[in-house]
Amino acid sequence: MRLMTWNINSLRLRLPLLARLIEEQSPDIICLQETKVPDPLFPAQALRELGYDHQHFMGMKGYNGVAILSRHPIRALDAVPDWCGKSDTRHIGITVETDRGTVTLHDFYVPAGGDIADPAVNDKFAHKLAFLEEVTSWFRKNPPVRSIVVGDLNIAPLEHDVWSHKQLADVVSHTLPEIERLKAWSDTGFVDAMRLVVPPEQKLYTWWSYRNRDWKLSNRGRRLDHVWLTPDLREHLQDVAVLKDVRDWSSPSDHVPVIVDLALNPA
DNA sequence: ATGGTGGCTGCGCCA
């Protein structure tokens with residue numbers, strides 16, 4: 001079973017890029033973030049024509065929005081909380097049947113958190129921390145089993161998840177309070193699949209800002225997108241690939257897709 | 001130290 005997660009930064013604008021990715025990568029299940037499309041305008045038919053008959057999505061006008069597209073039947077999780085009471089379409093989940101049992105898949109778009117890393121003066125940073133705390137309490141109360149978390153978590157936790165650990169120490173996405181909260185969340189029962197495949201000593205990024213003349217030359221990236229597995233799925237992990245080349249496609253997202261291969265067959 | 005770009009929407013907001 002091949003999964004792909006991608007912060008697409010506007011699904012409608014980048015539908016042609018998604019079609020090319022599907023052609024080249026053939027994922028069974030696609031998790032998108034920042035779809036930026038309200039549900040009534042979701043391009044469901046175009047995605048069915050690309051082979052994804054099974055869809056679960058939640059979006060809003062202009063901001064946020066998540067979607068899960070599948071070639072195989074899925075069941076939406078309907079008991080997930082409305083984080084911070086904002087109804088801001090940052091999380092959906094599904095289950096899918098495989099030859100090794102039911103697997104649960106969560107698709108998250110964690111708040112970016114604004115520019116100033118101080119919850120007292122920056123409401124967006126306060127929201128980011130509160131979001132992480134709420135999610136963590138929920139997973140503590142609902143311990144994950146045979147589960148996967150993917151998405152844009154908007155935090156680069158490790159030294160080599162950023163281009164400069166020192167220069168980004170006070171930059172939102174790499175500050176201690178965020179990293180501690182991300183760890184508390186993953187400690188509810190997940191392992192970092194990307195770092196099982198790419199050693200932590202090696203630089204690994206999934207996002208390069210638009211605000212660079214030459215993203216590849218300056219290479220000021222961050223690993224903001226993640227794939228977590230519960231340990232009971234670890235033995236099925238075959239590979240993870242960061243599709244860095246996609247950052248060079250025309251009119252790209254600032255995030256690149258991440259592919260996960262699991263030795264599980266959709267039932 | 002600053003400002004840099006992109007997507008939405010409708011010229012300011014968010015990333």
Side-chain angles (χ1 to χ4, degrees), chain A residues 5-21 31-43 46 57-67 83-91 107-119 121-132 150-157 161-164 166-175 177-179 182 205-226 243-258:
Chain A
T5 178
W6 189 26
N7 178 323
I8 194 169
N9 187 15
S10 174
L11 171 56
R12 284 174 293 176
L13 186 70
R14 275 180 252 288
L15 206 47
L17 273 67
L18 183 60
R20 179 174 167 190
L21 275 164
C31 295
L32 300 173
Q33 306 87 37
E34 280 204 273
T35 54
K36 297 186 174 176
V37 58
D39 293 347
L41 299 177
F42 192 83
F57 49 85
M58 201 172 284
M60 57 191 282
K61 190 167 143 183
Y63 308 111
N64 310 335
V66 282
W83 307 111
C84 303
K86 285 183 176 288
S87 304
D88 57 357
T89 68
R90 294 180 177 277
H91 171 219
D107 181 11
F108 274 96
Y109 175 53
V110 171
D115 287 332
I116 303 165
D118 179 354
V121 298
N122 175 7
D123 290 343
K124 287 186 269 194
F125 194 69
H127 174 221
K128 183 176 197 173
L129 299 183
F131 184 99
L132 295 163
V150 302
D152 177 5
L153 305 187
N154 263 316
I155 298 170
D161 291 340
V162 293
W163 62 276
S164 169
K166 274 188 186 163
Q167 285 177 260
L168 292 176
D170 298 318
V171 173
V172 171
S173 75
H174 195 61
T175 69
E178 295 167 83
I179 292 168
L182 191 73
Y205 314 138
T206 63
W207 173 88
W208 291 262
S209 172
Y210 286 125
R211 303 179 195 182
N212 276 114
R213 188 176 297 269
D214 185 331
W215 72 274
K216 201 184 282 178
L217 185 67
S218 56
N219 198 24
R220 295 185 166 192
R222 305 179 201 171
R223 185 171 70 111
L224 301 180
D225 303 274
H226 294 265
L243 304 183
K244 185 175 173 181
D245 291 352
V246 177
R247 188 64 179 77
D248 256 345
W249 290 7
S250 72
S251 193
S253 170
D254 46 355
H255 296 252
V256 297
V258 180

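Side chains are part of it too, since the values below use all heavy atoms of this structure and drop only hydrogens, waters and symmetry mates. Below, chain A is the first sequence line, B the second, and so on; all start at residue 1.
- A straight line from CH2 of A:W207 to P of B:dG6 spans 13 Å, rounded to a whole angstrom.
- Remark: the separation of the P atoms in B:dG10 and B:dG4 is 25 Å, to the nearest Å.
- Geometrically, A:R220 engages A:W163 in a cation-pi contact, judged by NZ or CZ lying under 6.0 Å from the ring centre and within 45° of the ring axis.
- Under the side-chain hydrogen bond (donor to acceptor under 3.5 Å, both in side chains) criterion, A:K216 pairs with A:D248, not counting sequence neighbours.
- With sequence neighbours excluded, no residue forms a salt bridge (charged side-chain N to carboxylate O under 4.0 Å, His left out) with A:D225.
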Protein-to-nucleotide contact annotation, 5' to 3' order, nucleotides 7-15 of chain B [B base; S sugar-phosphate only; - none; under 4.0 Å, heavy atom]: SSS----SB
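- Taking atom C1' in both B:dG3 and B:dA15, one finds a spacing of 15 Å when rounded to whole Å.
- The same atom, P, is picked in B:dG6 and in B:dA1; the two are 26 Å apart, to the nearest Å.
- The CD atom of A:Q167 sits 15 Å away from the P atom of B:dT2 (whole-angstrom rounding).
- For the P atoms, the distance linking B:dC14 with B:dT9 amounts to 14 Å, nearest Å.
- Within residues 216-224 of chain A, no residue has a heavy atom under 4.0 Å from DNA chain B.
- With sequence neighbours excluded, no residue satisfies ring pair (Phe, Tyr, Trp, His ring centres under 6.0 Å) with A:Y63.
- Residue pairs satisfying the salt bridge (charged side-chain N to carboxylate O under 4.0 Å, His left out) criterion with at least one member in residues 31-42 of chain A, sequence neighbours excluded, are listed as follows: A:E34-A:K36.
- Legend: residues meeting side-chain contact (heavy atoms from CB on, under 4.5 Å) with A:P252, ordered by chain and number and at least two apart, are A:R247.
- A straight line from CG of A:N212 to C1' of B:dG3 spans 11 Å, rounded to a whole angstrom.
- Judged as a side-chain contact (heavy atoms from CB on, under 4.5 Å), and not counting sequence neighbours, the contacts of A:L129 are A:P119, A:F125, A:E133, A:P177, A:E178, A:R181.
- Listed by chain and number, the residues in a side-chain hydrogen bond (donor to acceptor under 3.5 Å, both in side chains) with A:R12 amount to none (sequence neighbours excluded).
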